[in-house]
Amino acid sequence: AQSVTQPDIHITVSEGASLELRCNYSYGATPYLFWYVQSPGQGLQLLLKYFSGDTLVQGIKGFEAEFKRSQSSFNLRKPSVHWSDAAEYFCAVASLSGGYNKLIFGAGTRLAVHP
Amino acid sequence: DTGVSQDPRHKITKRGQNVTFRCDPISEHNRLYWYRQTLGQGPEFLTYFQNEAQLEKSRLLSDRFSAERPKGSFSTLEIQRTEQGDSAMYLCASSLGTGRNTIYFGEGSWLTVV
């Protein structure tokens, strides 16, 4: 069965520090992978997505992610975190069932940013 | 493009009552999805429509839940005889077509069952 694991429930970083959020997936074929961000009480906003091609994908707000098939990982990175990045981050894989439109989410990583 | 709109944003109801949530997708998006998110968890897929046809339902969608999209535009999610375990945020999303098209989420409808 397809699944997504985000090993870190909470992460705290200082403003200006670099960030890496981990995501591991379980999927039998080439995965479609996504990172979404959710601010408190809000819906989800897409940061970036990977379907094929270049394994390093650029997203909005200065985020990037790297797909590593050998490690079944799709980690999210940002070189310098801003206080406004404090939110919850979800990694997701698109399920083959339903034409790749059903998303399976990880449990999320809550990011806190210290001034 | 006004985004995915959900109503109401918050609902408090007594156990046993029925509730209905409405979702207006992005105009011309033919796919519409419902997800449920509980505290500390990621969203879980409930069901999706292509136009007016409901193509898939999760086993999470018990008999007390029903979703409709009568004219292929807006959708409703009704929960009958609510239970405390139904307390969650119900997220609606929409997309154009399949595959690589982005799924856009609304801001969600919070349900609290007391």
Side-chain angles (χ1 to χ4, degrees), chain A residues 1-10 21-25 29-53 57 59-60 74 76 87-111, chain B residues 3-10 21 23-26 29-51 53-61 88-112:
Chain A
Q2 298 134 12
S3 65
V4 174
T5 302
Q6 295 181 247
D8 305 305
I9 299 174
H10 296 279
L21 302 182
R22 296 184 291 165
C23 172
N24 295 98
Y25 66 89
T30 301
Y32 289 178
L33 296 161
F34 307 80
W35 275 99
Y36 281 86
V37 61
Q38 185 178 39
S39 297
Q42 302 298 312
L44 286 82
Q45 181 182 24
L46 179 68
L47 287 175
L48 48 79
K49 57 187 178 183
Y50 170 79
F51 292 131
S52 64
V57 294
I60 62 172
F74 188 56
L76 182 72
E88 187 139 28
Y89 292 79
F90 293 96
C91 181
V93 64
S95 169
L96 175 59
S97 167
Y100 288 105
N101 268 195
K102 183 170 69 177
L103 297 178
I104 299 169
F105 287 88
T109 297
R110 182 168 298 277
L111 174 66
Chain B
V4 179
S5 177
Q6 294 190 242
D7 182 72
R9 293 291 314 281
H10 299 88
F21 299 110
C23 172
D24 288 274
I26 294 173
H29 277 192
N30 59 341
R31 284 208 170 192
L32 185 147
Y33 314 81
W34 287 100
Y35 285 78
R36 182 173 69 187
Q37 185 179 18
T38 53
L39 285 175
Q41 298 298 317
E44 296 175 292
F45 171 81
L46 292 179
T47 187
Y48 85 90
F49 294 82
Q50 181 160 304
N51 299 314
Q54 189 173 17
L55 297 186
E56 187 171 348
K57 293 193 294 186
S58 163
R59 58 182 170 78
L60 295 175
L61 213 63
M89 182 160 71
Y90 292 86
L91 289 160
C92 179
S94 70
S95 69
L96 180 63
T98 66
R100 302 186 176 198
N101 294 303
T102 299
I103 297 175
Y104 295 90
F105 283 82
E107 295 191 332
S109 292
W110 279 102
L111 173 64
T112 302

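Numbered from 1 within each chain, the chains take letters A, B, ... in sequence-line order. A quick note: this is a predicted structure, and the numbers were derived from the prediction, not measured.
In terms of heavy atoms, B:Phe105 sits closest to A:Leu44 at CB-O, 3.6 Å. Considering every non-hydrogen atom in both A:Val4 and A:Cys23, the closest pair reads CG1-SG, 3.7 Å. Across B:Leu91 and A:Gly43, no two heavy atoms sit closer than the pair CD2-CA, 4.1 Å. When all heavy atoms of A:Phe90 and A:Gln6 are compared, the closest pair comes out as CA-OE1, 3.5 Å.
Between chain A and the options B:Pro43, B:Gly108, B:Gly106, the largest number of non-hydrogen pairs under 4.5 Å is found for B:Pro43. Chain B forms the most heavy-atom pairs under 4.5 Å with one residue out of A:Gln45, A:Arg110, A:Lys49, A:Glu88, and that residue is A:Lys49.
Proximity to chain B (any heavy atom under 4.5 Å) is restricted, for A:Leu46, to the side chain, taken from C-beta onward. No part of B:Gln6 comes within reach of chain A, as not one of its non-hydrogen atoms sits under 4.5 angstrom from that chain. For A:Gln38, the part lying near chain B is the side chain, with the backbone staying farther off; criterion is any non-hydrogen pair under 4.5 Å.
Considering B:Thr102, B:Ile103, B:Asn30 in turn, B:Asn30 is the only one that fulfils the side-chain contact (heavy atoms from CB on, under 4.5 Å) rule with B:Leu96.
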